[in-house]
Amino acid sequence: MASLSLKHMYKKFPGGVTAVSDFCLEIKDKEFLILVGPSGCGKTTTLRMIAGLEEITEGELFIGDRLVNDVAPKDRDIAMVFQNYALYPHMTVFDNMAFGLKLRKTPKEEIKRRVEEAARILDITHLLDRRPKALSGGQKQRVALGRAIVREPKVFLLDEPLSNLDAKLRAQMRTELTKIHKKLGTTFVYVTHDQVEAMTMATRIVVMKDGLIQQVENPQNLYDFPVNLFVAGFIGTPQMNQIEARLEKKGEDLFIMFGERAKIKLPAEKANDPALKDYIGKEVIAGVRPECLHDEAASIAANPDSIIDVSVEVTELMGAEIYQYLVCEEKDLIARVSARSTARPGDNIKIAIDASRIHIFDKDTERCIIH
């Protein structure tokens, strides 16, 4: 097993394009680390530098205690699983999984043992005699994983391995990958643009934008304590409401004001935070998760200082809950409420905001001031 150490790594392409900038990260042994971010943010390029498929322009990469900048991919003791499976169509599942071991001249008995063990872990023993064209997408993905598992590498690198699967199978494979990671006890480095995959599988998440690390945290802390507006908006479904507002002090109380009439009183523990002192009377961004907006009578009665009037534009029934798309003072908001809600498009209703869970961001730097 192995840890990884990425020290001030850069990837610069001809023409002055810098895909990854000053990437510094310590990946622990047996960790399930996920790189997440929008297309073009540099996450796959980072993974390919770890694999040795892209040359590192600047910086150092250690696998364990070994500097591997100039080590060939085949000698790095890593295995990579690609988005498109890359199975040989003329070979059986067994031969696809065994191919890399045969190239290394592994003894036949050892190949048989490793392939059968990987097939058992992945529940594909009954598929070993089939060819790829006779497999479903999920089965092909398991074979691609099996080909990596038989190598018994120190590090698994996975590049959007579930993106070609349908929604139901993707959810199933997320669970399977988590189980496989626990069984193997190996370091996983996984790339995706799907923040649901990141939130459900990772021990830690690296959020990237424009080749730069924005934040590295475990999933819950990333959701609860985003460092900036980008992370706040990228993590969470539906995404966090971001409201342009003003901080106004009235007597001893501090309010978030937006539009002509909408105002939310901040609870004392937030209002007294010294970090807000320099922002009184100034424009800020208030961040509120959709689940912190409530339309039940009990919630409205319990939060008299944070009630706003909204009009309902669209409602989406998601089964156990409803997404309400609202407008307040010409600002768009999303609420995630109980499926029992009776509000319908065109209704004018009152919404209570859980002010204790409001995040306040600097409008210019987009950094979080207080959570």
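Throughout, residue positions are numbered sequentially from 1 according to the sequence presented.
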Going by the angle between their ring planes, with limits at 30° and 60°, are H181 and F188 parallel, tilted or perpendicular?
perpendicular
Determine whether T46 and L35 satisfy the following criterion, side-chain contact (heavy atoms from CB on, under 4.5 Å), listing intermediate values before the conclusion.
CA-CA 9 Å; T46 302; L35 304 175; 4.1 Å; yes
Y279 and D362: side chain donor to acceptor below 3.5 Å:
yes
As an exercise, state the distance from CG of D253 to NZ of K263, rounded to the nearest 0.5 Å.
9.0 Å
How long is the gap from CD on E296 to OG on S341, to the nearest 0.5 Å?
7.5 Å
Rounded to the nearest 0.5 Å, what separation is found between the OG atom of S338 and the CG atom of D295?
8.0 Å
Any ion pair linking D95 and K102 (charged N to carboxylate O, less than 4.0 Å)?
yes
Just by distance, with hydrogens left out, do H193 and E160 show a side-chain donor and acceptor under 3.5 Å apart?
yes
Identified salt bridge (Lys or Arg N to Asp or Glu O under 4.0 Å) counterpart of E110 within the set R114, K112, K108
R114
CD of E55: more than 12 outside heavy atoms within 6.0 angstrom?
no
Row check, F62 ring normal vs K7 NZ/CZ: under 6.0 Å, within 45°:
yes
So, taking the atom named CD1 in I351 and the one named CG in L333, what distance separates them when rounded to the nearest 0.5 Å?
8.5 Å
For Y88, does the OH atom sit with more than 12 other heavy atoms under 6.0 Å from it, leaving out its own atoms?
no
Quick one: do R113 and E152 satisfy salt bridge (Lys or Arg N to Asp or Glu O under 4.0 Å)? Show the steps, please.
CA-CA 12 Å; R113 182 192 70 77; E152 297 180 353; 3.6 Å; yes
With rounding to the nearest 0.5 angstrom, report the CZ to CD1 distance, R344 to I349.
10.5 Å
Mind checking whether H359 and H371 have parallel, tilted or perpendicular rings, split at 30° and 60°?
perpendicular
Taking the six-membered ring of F99 as reference, does the NZ or CZ atom of R104 fall below 6.0 Å from its centre and within a 45° cone about the axis?
no
Can you measure from CD (E197) to CD1 (I205) and round to the nearest 0.5 angstrom?
11.0 Å
For D129, is the CG atom crowded, meaning more than 12 foreign heavy atoms sit under 6.0 Å from it?
no
Does a donor on one side chain sit under 3.5 Å from an acceptor on the other, for S3 and E26?
no
side-chain hydrogen bond (donor to acceptor under 3.5 Å, both in side chains) between E60 and N69, worked out
CA-CA 6 Å; E60 295 177 321; N69 284 45; over 6 Å; no
